[in-house]
Amino acid sequence: MLSLRPETIVLLNDIEARINPETEEDLAAQWKAFLYGESKEDIFHPRRKKTSPPGVPIPNININDALSDAETMLVHQLAGVSHALKTETLNLAVRANYGTGILSSLFGAEIFEMPREMNTLPTTKPFNDTDIIREIVEKGIPDLENGFGARVFAFGRLWQEVCAAYPKIAKYVSIYHPDLQGPLDICELMWGCDMFYAMYDEPELVHAMLDLITDTYAAFLDRWFSMFPCGDEMNIHWGNMRHRGRIMLRCDSAMNLSPEFYEAFAMPYDARLLEHFGGGAMHFCGKGDHYIALLCSQPKLYSVNLSQPHLNDMETIWRASVDRGITVLGFPGTYEHEHPRAGGYHGRLHI
């Protein structure tokens with residue numbers, strides 16, 4: 001029996017009643033056709049056949065309030081599900097939403113919560129001390145319950161209880177994996193900007209740290225997926241997209257690297273995780289056209305999501321991705337009208 005606040009139960013009941021299995025299965029089928037090259041559209045616009053307005057007000061939860069209480073985090077995420085049901089395009093999904101510093105907090109990095117008025121996810125502060133990095137490498141994989149780890153798994157256990165009580169939510173609302181970033185991003189997040197100097201001065205230490213982060217990443221998600229098993233055929237991320245494989249990596253830090261350094265310090269560790277988890281997708285912010293060909297050459301990289309196309313030579317991006325069968329996800333809805341491409345997108349671009 002769920003022991004939750006009455007208003008949480010009311011919200012859960014409303015969502016359960018509004019989920020239409022035929023509608024959600026049709027939306028999933030549209031996505032599957034797109035991801036496996038069977039879409040008849042050059043540009044993919046997924047559409048929910050039937051929307052469902054909320055029967056109760058959608059809560060407005062400040063993320064700072066959700067960080068220390070699993071039920072408040074649950075309501076924060078359910079608000080997104082309730083909103084998605086009234087839209088044509090969003091998928092039904094939740095996550096343990098504790099920001100970019102989950103993995104770095106396991107190693108003892110100090111958690112930094114943003115001012116409440118910003119209503120923005122937290123992160124962690126870098127050590128800015130290479131000697132501390134050496135100590136971390138010597139200690140090996142940390143306790144997975146350190147830092148945000150305990151809160152992530154506590155939320156997971158609460159979601160399991162919800163799914164046991166609400167069959168349609170269990171079947172049609174996906175819980176996607178926490179934001180663990182990617183090995184290079186986490187390394188910079190902990191080390192600070194001195195990491196880039198160390199790539200020249202102490203490359204063996206950088207590789208040792210990246211190796212440890214990769215092992216910790218795998219251990220953490222292995223535990224997560226033991227709670228929430230999923231195949232590698234198709235998974236939801238961020239609610240607005242689906243991808244093949246089980247993970248969505250991030251590599252924002254790579255925008256600072258030459259292609260040669262990207263190949264040396266990012267690719268091997270991303271590739272290990274893609275192999276371990278049956279493939280996946282990659283997100284990056286900023287400029288990535290200088291290494292996109294290397295990124296897209298990884299065997300189990302199926303999709304790319306970039307947040308700032310205006311900072312990239314998009315023809316270079318298209319040649320490395322959609323022209324080679326790799327889907328590009330989450331582009332702004334006006335892009336196709338403002339930047340038409342003569343050769344088209346081979347049914348591989350999601351708007």
Side-chain angles (χ1 to χ4, degrees), residues 95 97-107 109 111-112 114 118 120-128 133 148 176-199 206-207 209-210 213-214 216-217 220-221 237-238 240-241 243 245 247-274 277 280-298 301-314 316-317 320-321 326 328-332:
R95 74 170 173 182
N97 199 30
Y98 295 92
T100 59
I102 294 170
L103 205 69
S104 52
S105 74
L106 303 186
F107 292 95
I111 292 169
F112 179 76
M114 302 297 183
M118 294 182 68
T120 300
L121 286 165
T123 186
T124 57
K125 295 181 180 181
F127 294 113
N128 290 314
I133 297 300
F148 277 126
Y176 60 102
H177 68 75
D179 183 359
L180 302 190
Q181 291 291 292
L184 186 65
D185 282 10
I186 294 299
C187 194
E188 184 188 1
L189 196 59
M190 289 197 291
W191 202 326
C193 61
D194 282 354
M195 177 192 76
F196 297 105
Y197 293 102
M199 289 176 175
V206 180
H207 282 295
M209 189 65 206
L210 289 167
I213 291 168
T214 304
T216 304
Y217 192 116
F220 195 94
L221 279 196
H237 210 85
W238 288 315
N240 66 334
M241 61 186 72
H243 61 85
I247 59 172
M248 171 75 79
L249 289 164
R250 284 84 154 143
C251 205
D252 301 325
S253 297
M255 65 180 290
N256 298 302
L257 301 184
S258 67
E260 294 77 16
F261 270 36
Y262 171 79
E263 187 172 16
F265 291 104
M267 275 186 69
Y269 306 100
D270 292 340
R272 272 171 53 186
L273 293 171
L274 289 168
F277 291 108
M282 177 70 77
H283 162 84
F284 65 88
C285 293
K287 184 175 174 62
D289 52 18
H290 57 300
Y291 67 87
I292 190 68
L294 289 166
L295 169 64
C296 291
S297 70
Q298 298 178 78
L301 191 285
Y302 300 126
S303 299
V304 172
N305 166 252
L306 58 156
S307 60
Q308 293 159 304
H310 62 285
L311 298 180
N312 292 268
D313 176 356
M314 286 308 302
T316 298
I317 300 290
S321 57
I326 292 174
V328 174
L329 305 174
F331 255 53

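For the numbers below, each heavy atom of this structure counts, side chains included, while hydrogens, waters and symmetry mates do not.
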Under the 3.5 angstrom rule, does the side chain of Q298 hit a backbone N or O of L295 as a donor-acceptor pair? yes
First locate atom OG of S303, then atom CD1 of I326, and finally report the distance between them rounded to the nearest 0.5 Å. 8.0 Å
Under 4.5 Å between any side-chain heavy atoms of M255 and D252, yes or no? no
Walk me through whether L184 and M195 qualify under side-chain contact (heavy atoms from CB on, under 4.5 Å). CA-CA 10 Å; L184 186 65; M195 177 192 76; 3.9 Å; yes
Are any of the side-chain heavy atoms of V206 and W191 separated by less than 4.5 Å? yes
Would you check if the side chain of D194 reaches a backbone N or O of N128 as a donor-acceptor pair within less than 3.5 Å? no
If I take atom CZ from residue F107 and atom CD1 from residue I213, how far apart are they, to the nearest 0.5 angstrom? 6.0 Å
Parallel, tilted or perpendicular: which fits the ring planes of W238 and H283, with parallel below 30° and perpendicular above 60°? perpendicular
For residues I133 and C187, determine if any side-chain heavy atom of one lies less than 4.5 Å from a side-chain heavy atom of the other. no
Indicate yes or no: at least one non-hydrogen side-chain atom of F265 is less than 4.5 angstrom from one of M199. yes
Is there a salt bridge (charged side-chain N to carboxylate O under 4.0 Å, His left out) between K287 and D289 once you walk through the steps? CA-CA 6 Å; K287 184 175 174 62; D289 52 18; 2.8 Å; yes
To check you understand the geometry: which heavy-atom pair defines the closest contact between A320 and C296, and what is its length? O-CB, 3.3 Å
Evaluate M190 against L103 for side-chain contact (heavy atoms from CB on, under 4.5 Å), listing each step before the verdict. CA-CA 10 Å; M190 289 197 291; L103 205 69; over 6 Å; no
Taken to the nearest 0.5 Å, the spacing of L180 CG from Y98 OH works out to 13.5 Å
When you compare the side chain of D270 with that of C251, does any pair of heavy atoms fall below 4.5 Å? yes
Report the distance from atom OG of S105 to atom NZ of K125, rounding to the nearest 0.5 Å. 14.5 Å
Closest approach of L294 and P259, non-hydrogen atoms and distance? CD1-O, 3.4 Å
Assess, by modelled atom type and distance only, whether the side chains of Y262 and H290 contain a donor and an acceptor separated by less than 3.5 Å. no
I need the minimum non-hydrogen distance between L274 and I247, along with the two atoms involved. N-CD1, 4.1 Å
Would you say S307 and F284 make side-chain contact, with heavy atoms under 4.5 Å? no
Taking the side chain as everything from C-beta on, heavy atoms only, tell me whether Q181 gets closer than 4.5 Å to S104. no
Kindly give the heavy-atom pair with the smallest separation between M267 and S297, and that separation in Å. CE-OG, 3.8 Å
For the NE2 atom of H177 and the CD1 atom of I102, what is their distance to the nearest 0.5 Å? 10.5 Å
If you measure from OG on S253 to CD1 on I186, what distance do you get to the nearest 0.5 Å? 9.0 Å
L273 and Y217: CA distance, side-chain angles, deciding distance, side-chain contact (heavy atoms from CB on, under 4.5 Å) verdict: CA-CA 8 Å; L273 293 171; Y217 192 116; 3.7 Å; yes
Minimum heavy-atom distance P183-T214, with the two atoms named: CG-OG1, 3.5 Å
Hey, are the side chains of H207 and Y269 touching, using non-hydrogen atoms and a 4.5 Å cut-off? yes
Does the side chain of T123 pick up a donor-acceptor pair with the side chain of T100 at under 3.5 Å? yes
Set out, in order, the CA-CA distance, both residues' side-chain angles and the distance that settles side-chain contact (heavy atoms from CB on, under 4.5 Å) for H243 and Y302, then state yes or no. CA-CA 7 Å; H243 61 85; Y302 300 126; over 6 Å; no
